[in-house]
Amino acid sequence: MRRRSLAVLAAVPLLFAAACGSEGGAGTAATATGVSAPALKVTGAANTKPTVAFPAKVVETSSYQVVTPGTTGTPAKEGASVVANFTVFTWDGKENKLAGSTYDDGGPQLITLNEQVPEILRKGFAETKGGGRFLSVVGKDALPKEQQAQAPAGQSQVFVVDVVDVPASKAAQGTATDPDLKGVKVESPGGDAAPKLTTKTDEKAPKGLVTKTVIKGAGPEVKSGQSILVQYAGKIWGSDLEFDSSWSRGGEPIMFQIGTGKVIKGWDQGLVGVPVGSRVLLSIPPDLGYGKQGSGEKIKGTDTLVFLVDVLAAY
């Protein structure tokens with residue numbers, strides 16, 4: 001995962017998708033009342049890794065139950081993105097093994113509530129605010145019909161989901177200033193509109209890392225080890241070639257852990273300490289980017305990378 005392409009981080013979390021057992025439609029939930037059919041008992045405070053006591057008899061129909069409704073913001077709507085921690089168990093009435101947990105993986109994940117997420121889980125998200133927790137049994141009936149016959153008999157997936165946040169803003173808000181970096185231009189239209197980054201220039205690229213503030217946020221400073229929610233655009237110095245951009249992929253933010261080697265060094269070094277809510281310009285030399293090998297067809301080993309990054313939240 002270290003030095004991975006930022007575009008990869010925009011994908012649906014693999015653990016979440018795998019545990020759901022579906023990459024297609026959501027199916028029809030058998031229980032739509034919001035009351036969990038089995039007597040599952042969840043212990044542990046919200047936003048800490050939970051434990052679950054399982055009855056011996058497995059219930060294979062889907063259901064959900066709001067454990068704690070939460071108090072922050074509003075629940076996520078259909079199609080929206082939500083930041084959440086989740087812990088998944090395979091309920092077979094015997095071992096009831098832990099399938100995975102974001103609490104073991106270093107932080108919450110960003111989930112888009114589209115049809116890749118089973119309907120029974122979307123129902124839980126729709127009733128849970130930030131700081132809340134819900135429990136969901138994802139049974140065979142939550143899978144597309146063509147997959148139901150292939151699903152193992154006598155087991156269900158159990159999700160305990162802690163909603164951390166439902167992000168509202170999609171761009172840094174505030175008064176923008178000139179970053180004062182020769183060769184680079186930034187236009188900030190305001191609101192949630194995408195900014196424009198221009199890197200077509202004959203100016204020589206800086207030799208070291210350059211960090212310039214375009215909009216100074218009013219939030220706390222980003223700490224190493226936190227997961228940050230960002231929008232960004234990346235271009236190559238001198239050519240104005242855009243090699244990656246969350247704005248160009250529909251304007252949905254992405255989230256990743258910062259300061260721990262999960263992304264390129266220029267991001268780790270340039271974004272730790274930035275106040276949440278900021279728009280930051282980064283000029284990153286090759287040794288703090290993808291090195292001599294470059295990345296893909298667009299980024300050469302000698303390219304200086306220029307990023308415009310909106311730091312929307314940190315968790």
Does a donor on one side chain sit under 3.5 Å from an acceptor on the other, for Thr61 and Asp141?
no
Side chains of Glu252 and Thr112: do they bring a donor and an acceptor to under 3.5 Å?
no
Check the pair Ser156 / Val59 against side-chain contact (heavy atoms from CB on, under 4.5 Å), numbers first and verdict last.
CA-CA 7 Å; Ser156 293; Val59 174; 5.9 Å; no
Please examine the side chains of [Y] and [X], heavy atoms only from C-beta on, and report whether any two atoms are closer than 4.5 Å.
{"X": "Thr213", "Y": "Thr177", "value": "no"}
{"X": "Leu288", "Y": "Ile264", "value": "no"}
{"X": "Lys129", "Y": "Thr72", "value": "no"}
{"X": "Ile111", "Y": "Leu121", "value": "no"}
{"X": "Tyr290", "Y": "Asp303", "value": "no"}
{"X": "Thr260", "Y": "Asp268", "value": "no"}
{"X": "Pro286", "Y": "Thr304", "value": "yes"}
{"X": "Ile228", "Y": "Phe256", "value": "yes"}

Same cluster or not: [X] versus [Y], using hydrophobic residues (I, L, V, M, F, W, Y) connected whenever any side-chain heavy atoms lie under 4.5 Å apart?
{"X": "Trp237", "Y": "Phe243", "result": "no"}
{"X": "Leu181", "Y": "Val280", "result": "no"}
{"X": "Leu98", "Y": "Phe54", "result": "yes"}
{"X": "Val163", "Y": "Val88", "result": "yes"}
{"X": "Val161", "Y": "Tyr103", "result": "no"}

Does [X] use its side chain to pair, donor to acceptor, with the backbone of [Y] at less than 3.5 Å?
{"X": "Ser248", "Y": "Ser245", "value": "no"}
{"X": "Gln155", "Y": "Ala153", "value": "no"}
{"X": "Glu60", "Y": "Gly139", "value": "no"}
{"X": "Gln173", "Y": "Gly191", "value": "yes"}
{"X": "Gln148", "Y": "Leu143", "value": "yes"}
{"X": "Asp287", "Y": "Gly291", "value": "no"}
{"X": "Asn114", "Y": "Gln116", "value": "yes"}
{"X": "Thr201", "Y": "Glu203", "value": "yes"}
{"X": "Ser136", "Y": "Val138", "value": "no"}

Determine the minimum heavy-atom distance between [X] and [Y], stating which atoms define it.
{"X": "Ala39", "Y": "Pro55", "value": "O-CG, 3.7 Å"}
{"X": "Thr68", "Y": "Gly131", "value": "CG2-O, 4.5 Å"}
{"X": "Arg122", "Y": "Glu115", "value": "NH1-CA, 3.9 Å"}
{"X": "Lys170", "Y": "Gly251", "value": "CD-O, 3.7 Å"}
{"X": "Val214", "Y": "Pro179", "value": "CG2-CB, 4.1 Å"}

Could you grab the distance from atom [atom1] of [X] to atom [atom2] of [Y], nearest 0.5 Å is fine?
{"X": "Lys235", "Y": "Leu308", "atom1": "NZ", "atom2": "CG", "answer": "10.0 Å"}
{"X": "Lys300", "Y": "Ser239", "atom1": "NZ", "atom2": "OG", "answer": "9.0 Å"}
{"X": "Trp247", "Y": "Asp192", "atom1": "CH2", "atom2": "CG", "answer": "7.0 Å"}
{"X": "Ser81", "Y": "Leu110", "atom1": "OG", "atom2": "CG", "answer": "4.5 Å"}
{"X": "Asp240", "Y": "Leu197", "atom1": "CG", "atom2": "CG", "answer": "7.0 Å"}
{"X": "Thr211", "Y": "Leu271", "atom1": "OG1", "atom2": "CG", "answer": "7.5 Å"}

Report the C-alpha distance between Lys223 and Val272 in whole Å, list the side-chain angles of each, state the deciding distance to 0.1 Å, and finish with yes or no for side-chain contact (heavy atoms from CB on, under 4.5 Å).
CA-CA 6 Å; Lys223 297 179 181 179; Val272 171; 6.0 Å; no
Mutual orientation of the aromatic rings belonging to Tyr232 and Trp267 [parallel < 30°, tilted 30-60°, perpendicular > 60°]:
perpendicular
Kindly indicate, with the supporting measurements, whether the criterion side-chain contact (heavy atoms from CB on, under 4.5 Å) is fulfilled by Arg279 and Asp310.
CA-CA 4 Å; Arg279 173 169 293 162; Asp310 286 14; 2.7 Å; yes
Check step by step if side-chain contact (heavy atoms from CB on, under 4.5 Å) holds for Ile284 and Leu209.
CA-CA 5 Å; Ile284 302 176; Leu209 176 67; 3.8 Å; yes
Checking side-chain contact (heavy atoms from CB on, under 4.5 Å) against Val306, which of Leu281, Leu282, Ile236 comes through?
Leu281
Positive for ring-ring contact (aromatic ring centres under 6.0 Å, His included) with Phe134, one of Phe125, Phe86, Tyr64
Phe125
Taking NZ, NE, NH1 and NH2 as the nitrogens, is one of them in Asp244 or Arg249 under 4.0 Å from a carboxylate oxygen of the other?
yes
